[in-house]
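Chain naming here is simple, since letters A, B, ... match the order of the sequence lines and numbering starts at 1 in each. Any value given below was found using the heavy atoms of this structure, including those in side chains, with hydrogens, waters and symmetry copies removed. All of these numbers come straight from a predicted model, not from anything done at the bench.
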Number of protein chains: 2
Amino acid sequence: MHTHGTVDQAAPAAADPAAEIRAAGLKVTAPRLAVLHGLTESPHATADQLFEAVSLELPGTSLQAVYGVLGAFTTAGLVRRIEPAGSAALFERRVGDNHHHIVCTNCHSVRDVECVTGQAPCLTPSDTAGFVVQTAEVTFWGLCPDCQNL
Amino acid sequence: MHTHGTVDQAAPAAADPAAEIRAAGLKVTAPRLAVLHGLTESPHATADQLFEAVSLELPGTSLQAVYGVLGAFTTAGLVRRIEPAGSAALFERRVGDNHHHIVCTNCHSVRDVECVTGQAPCLTPSDTAGFVVQTAEVTFWGLCPDCQNL
DNA sequence: CAGTTGTTTTGAATCATTCAAAACATGGTG
DNA sequence: CACCATGTTTTGAATGATTCAAAACAACTG
């Protein structure tokens, strides 16, 4: 290995957003870096929330650009799109692993939940009605800590 | 028990739609009977599909009426509303039990899947992040029998 | 059978998302 | 290092699902 020092230890993709985008076969642009940054700060954000965040960092960016970025990222496997019932689509960077979500029935906040049994697909239906199962998606609903005292 | 004969054997609610609606505290109307009928024929239907079905049975019914009926039914606990990612809301009569769904990734057809472990809530997350879990919703994704040969 | 209340109609607004054409910037090439 | 091809963003508008609101109407109560 032709590396030296300590900085090189960090995972390249996670540490360098630009490299991560490039590695996905996409061109590196300011809006894309800004969206990726926004997703790091808000791990479960809507297109609109990301538009707000990106607007601060990069004024003039259009909402459609954010949608475009998210679409490209999702297609490239850089981000995952989830769609909990009753709210707009949410985007998250955590991808490739098999984790699920818990959504607050009151304030709609979302948190990650590790896979229920430890591996993907972590569940197998008893009767698949002839379907060939590809994935299992689990959404837990409940009250978040903040909404329990109301 | 003050019943006699054989007809009384059937469950009142399931056998008599009007009684079922009345038992839910709602007024019995033609659009409501038609929507309930439509849901019996198509166990996982969108508001629009039900509007089509109702239109045949009761021409002149408005789409908004169907939405209104479905809203009232959902609030009353007569039907359940599910929202698989990527499609409009679906409504089903099967309610009160704990069953899940499998959705075809190709044609979006939906089938019921019995509860994975047999009772509600049938799953418990390992780390709830402080949430008080109320329900677990499971959606399986895969290819339906028809879409496997393409 | 008349009144009250809940329901449906009619018409329009809203939200999230996508489409399309033109202007523009990235990254490879000469 | 400038240029070019392609991919990306902007701008402007359309779409689909759903909800809102006021007026007309119909179901159950007494």
Pairs where residues 56-80 of chain B contributes a residue and the test salt bridge (charged side-chain N to carboxylate O under 4.0 Å, His left out) is met, not counting sequence neighbours: Arg80(B)-Glu92(B)
Which pairs pass salt bridge (charged side-chain N to carboxylate O under 4.0 Å, His left out) with one or both residues in residues 126-144 of chain A, sequence neighbours excluded? none
Search all heavy atoms of [X] against all heavy atoms of [Y] and return the closest pair with its distance.
X: Pro125(B); Y: Val133(B); result: CG-CG2, 3.9 Å
X: Gly130(B); Y: Pro145(A); result: O-CG, 3.6 Å
X: Phe51(B); Y: Thr61(B); result: CE1-O, 3.1 Å
X: Ala18(A); Y: Val28(A); result: O-CG2, 3.4 Å

Report the end-to-end axis angle of the helix from dC1(C)-dG30(D) to dG30(C)-dC1(D); each axis comes from five terminal pairs, and the value is rounded to 10°. 30°
Atom [atom1] of [X] and atom [atom2] of [N]: how far apart are they, to the nearest Å?
X: Leu70(B); N: dC20(D); atom1: CG; atom2: C1'; result: 17 Å
X: Gln49(B); N: dG16(D); atom1: CD; atom2: P; result: 15 Å
X: Leu50(B); N: dT18(D); atom1: CG; atom2: P; result: 11 Å
X: Glu52(B); N: dG16(D); atom1: CD; atom2: P; result: 14 Å
X: Leu58(A); N: dT10(D); atom1: CG; atom2: C1'; result: 13 Å

Between the protein and nucleotides 25-29 of chain D, list the N/O to N/O atom pairs that are separated by less than 3.5 angstrom.
residue	atom	partner	partner atom	Å
dA27(D)	N3	Lys27(B)	NZ	3.3
dC28(D)	OP1	Val28(B)	N	2.9

Can you confirm whether the side chains of Gln49(B) and Ser42(B) place a donor and an acceptor under 3.5 Å from each other? no
Atom [atom1] in [X], atom [atom2] in [Y]: separation rounded to 0.5 Å?
X: Glu83(A); Y: Phe91(A); atom1: CD; atom2: CZ; answer: 8.5 Å
X: Asn106(A); Y: Asp146(A); atom1: CG; atom2: CG; answer: 10.0 Å
X: Asp48(A); Y: Leu63(A); atom1: CG; atom2: CG; answer: 6.0 Å
X: Leu39(B); Y: Leu78(B); atom1: CG; atom2: CG; answer: 10.0 Å

Any non-hydrogen side-chain atom of Ser109(B) less than 4.5 Å from a side-chain atom of Val103(B)?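 No, every pair of side-chain atoms sits at 4.5 Å or beyond.
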Side chains of Thr46(A) and Ser87(A), heavy atoms from C-beta outward: is any pair under 4.5 Å? no
Give every pair of a protein N or O atom and an N or O atom of nucleotides 1-3 of chain D that lie under 3.5 Å apart, one pair per line with the distance.
none

Letter by letter from the 5' end, nucleotides 10-17 of chain C scores (B base, S sugar-phosphate only, - none; protein heavy atoms under 4.0 Å) BBB---SB
